[in-house]
Amino acid sequence: MGVAESEDIRVIEDRLRKLRDEIEFHNYRYYVLDDPVISDAEYDRLMNELVRLEAAHPELVTPDSPTQRVGAAPAAAFAPVVHRSPMMSLANVYSVEEIRAFDARVRRALDGEPVEYVAELKIDGLAVSLVYEDGRFVRGATRGDGTTGEDVTHNLKTIRSIPMRLRLDKPVSMDVRGEVYMVRREFQKLNEERRAAGEPLFANPRNAAAGSLRQLDPKVTAERPLDIFVYGIGYVIGAEDAAPDTHFEALSFLKKAGFRTNPNTRLCRTVDEVLDYCAHWGEMRASLDYEIDGVVVKVNSLAQQERLGATARSPRWAVAYKFPARQATTVVRDIIVQVGRTGTLTPVAVLEPVELAGSTVSRATLHNEDMIRAKDIRIGDTVVVEKGGDVIPEVVKAVADRRTGAEREFRMPEKCPECGADVVRLEGESAYRCVGGMACPAQVRESILHFASRDAMDIEGMGPSLVAQLIDAGLVKTVADIYDLKLEDVAALERMGKKSAENLLSAIEKSKSYPLHRLVFALGIRHVGERSARDLAEHFGTMDRLASATFSELTDVRDVGPKVAESVLAFFREPRNREILRRLADAGVNMKEAEKGVSAGKSPLAGKTVVLTGALERFTRKEAEEAVLARGGRVSGSVSRKTDYVVVGRDPGSKYEKARELGVTVLDEREFERLLEGG
DNA sequence: AGGCCTCGAGTTCA
DNA sequence: CTCGAGGCCT
């Protein structure tokens, strides 16, 4: 190599370095500060020159060159990356009270010394780690499980607001934490393009961002409009003199280093300021062009953070306040059919998991085919889910304009998915039923589970997995077999030690002495629920008398009409059922109803109808119900004009409203107790 | 027959 | 909790 040539190379290297610095500077002005100082055309000219020069001298291309933001070849898979300092998740809180409790915990742990908080928006995207060595961006990874994530360096390089080099005067090494997200407008645009191309749509910007970052081909990612807000530092080496003392200072340090931080972060001196911030952004979230799902609250002082430490799961110096999302959109991945103990086929939507009012929803009942028809919900649809009341999620509607045409309509199967028997829809019923009866494994399993359930024979430990195992092992075919179980058979089952087996057998033993009404309910006679079971047991007193009752004797019982009576007769006509009852009696299961308590008839509650709502302090719901029943009262589930008392506990439901509407007497817990005592 | 009022049945997640 | 349907009262 001649002298002139090596001189040329040096000149070219200089030019390359200058071009790269300049382009990165303009990237920073444009993508981070949103304040460009040159025109797009000028920027393009610089970029073109760099591309040309690098093409002529491929040996001079560096990995942090702006051209390399899109240059990498598609990867075969994502390499795992172990985070040098783990990416912990934050504890979630859902209410003002919980934020106050967090504040109280922090203060107590810090012996009451003054505490400042930083409140920041919780961007609904995905957390990533950006590793810099000697000031250069070397590796980016997803959060993964917090310890190990996936290497998405090439994809992160396509995000222009991530600096390829830190804008610091020293070669600092650090791990920067941030949230990658997609702007709403861009998300909508992306989905429109995908629909036009017949591709499946993303349910929300978060999924779109996640999907884009996990593209194997960075060229695809480069076309996706991703951006990032950084919010923290995992570790930092080489910036000791500039090292921040507080989280707030850390954020300005990150800003100085060339990162994009969220402008709406606020330093709060009191917890009330934090609550104001939460309330404000809860209201104003729609005004942002990116989605947020809450507010992150952090103790500002890093020294205090250190003293507070962390639990195994999350730091004690921060919480994530999640807005009470009442509704969410997600995608119906599939509609499956469940077979209940009565053979009813229930369609259930399997959903792309979505956070909703404090829990992750992944399935929701669709009740029956009529409802699916009425709401026109198809497999693959984007749907709106809502938590009706408190816990149970409901699919409200399908978002029809998100359709790509690839969605499939749901059809109720003609054969039972569990046993292959015919499925029928009886006249006047909306439910489809499997006619397999006890030949259907699902119905056998569910009826045994029902028998053992808490309100029936209350056999603790007999949950879904144990019942499945007992059936598979051939130990239990009908509920009568439960009472023939041997210790060694049970102990031989998977995940069952001697101790668990003993516990199970003693729970079974205990169930033999319960009053008749539990057994009647446990049998699962059609149209005989908890209430009717009690009425029947009290009326007839013994199983023998119930089993030999005539139609008219049955309809004499309160709330028993022709349908229920016929159903009871049918149950006892069936020889297999009579055989089961004989075996239960032989095993020593109690077949009598206890006499009513002496106090019944004297109590002011005798003959009264009571409705309970909300949580009581000193009783469980069940205990309160029993107490009313023992005094000759009735407990009902809904408030009407016939209701005598509504007992209101903490966090009452809609029944309280109804009671006031109808002018029904409302009791608090203390008044209720007095009434129980006879006052 | 019509209109309540209740009950039964199925259901979700941590 | 909600829906559907059985039962009872008018």
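So you know, we letter chains A, B, ... as the sequences are listed, proteins then strands, and number each from 1. We use all heavy atoms of the structure for the numbers below, so side chains are in, but hydrogens, waters and symmetry mates are not.
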Rounded to the nearest Å, what distance is computed from the [atom1] atom of residue [X] to the [atom2] atom of nucleotide [N]?
X	N	atom1	atom2	result
A/Lys655	C/dT2	NZ	P	11 Å
A/Lys322	B/dA14	NZ	P	11 Å
A/Ile525	B/dG8	CD1	C1'	13 Å
A/Phe521	B/dG10	CZ	P	10 Å
A/Arg363	B/dT12	CZ	C1'	10 Å
A/Leu366	B/dT12	CG	C1'	13 Å
A/His450	B/dG8	NE2	C1'	10 Å
A/Leu523	B/dG8	CG	P	14 Å

Between [X] and [N], is there a contact of a side-chain N or O with OP1 or OP2 at under 4.0 Å?
X	N	result
A/Thr342	B/dG8	no
A/Thr344	B/dA9	no
A/Ser638	B/dC7	no
A/Ser640	B/dT6	yes
A/Gln338	B/dG10	no
A/Thr346	B/dT11	yes
A/Arg341	B/dA9	yes
A/Ser362	B/dC13	yes

- prompt: Looking at residues at least two apart in the chain, or sitting in another chain, which of them share a ring-ring contact (aromatic ring centres under 6.0 Å, His included) with A/Phe572?
  reply: none
query: Who pairs with A/His517 by ring-ring contact (aromatic ring centres under 6.0 Å, His included), at least two apart in sequence or on another chain?
result: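 So A/His517 forms no ring-ring contact (aromatic ring centres under 6.0 Å, His included) with any residue.
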query: Between A/Gln443 and A/Cys440, is there a donor-acceptor pair closer than 3.5 Å when you use the side chain of the first and the backbone of the second?
result: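 The answer is no, because no donor-acceptor pair under 3.5 Å joins these two groups.
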- prompt: Looking only at atom types and distance, does a side-chain atom of A/Arg316 sit under 3.5 Å from a main-chain N or O of A/Leu308, one as donor and one as acceptor?
  reply: yes
task: Give me the residues of residues 456-470 of chain A where at least one heavy atom lies under 4.0 Å from an atom of DNA chain C, by number, or none.
output: none
Verdict with reasoning, A/Met462 to A/Leu504, per side-chain contact (heavy atoms from CB on, under 4.5 Å): CA-CA 7 Å; A/Met462 260 187 91; A/Leu504 180 71; 3.7 Å; yes
Remember a base hit wins even if backbone is also touched, and classify [X] as base, sugar-phosphate or nothing at under 4.0 Å, heavy atoms.
X	answer
A/His367	nothing
A/Arg534	nothing
A/Ala431	nothing
A/Thr365	sugar-phosphate

query: Looking at A/Tyr514, is A/Arg518 sitting on its ring face, NZ or CZ under 6.0 Å from the six-membered ring centre and within 45 degrees of the normal?
result: yes
message: Can you see whether A/Tyr483 engages A/Ser511 through a side-chain donor-acceptor pair at a distance of less than 3.5 angstrom?
response: yes
message: Do A/Thr342 and A/Thr344 pair up side chain to side chain, a donor and an acceptor below 3.5 Å, judged on atom types alone?
response: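 Distance-only check passes for A/Thr342 and A/Thr344.
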Enumerate all atom pairs, one protein N or O and one N or O from nucleotides 7-10 of chain C, separated by less than 3.5 Å.
{"from": "C/dG7", "atom 1": "OP1", "to": "A/Gly561", "atom 2": "N", "distance (Å)": "2.8"}
{"from": "C/dG7", "atom 1": "OP1", "to": "A/Gly561", "atom 2": "O", "distance (Å)": "3.2"}
{"from": "C/dG7", "atom 1": "OP1", "to": "A/Val564", "atom 2": "N", "distance (Å)": "2.9"}
{"from": "C/dG7", "atom 1": "OP2", "to": "A/Lys563", "atom 2": "N", "distance (Å)": "3.2"}
{"from": "C/dC8", "atom 1": "OP1", "to": "A/Asp559", "atom 2": "N", "distance (Å)": "3.3"}

Residue pairs, two or more places apart or on separate chains, that pass salt bridge (charged side-chain N to carboxylate O under 4.0 Å, His left out) and touch residues 432-442 of chain A: A/Glu429-A/Arg433
message: According to side-chain hydrogen bond (donor to acceptor under 3.5 Å, both in side chains), does anything in residues 456-467 of chain A pair up with another residue at least two apart or in another chain? List the pairs.
response: none
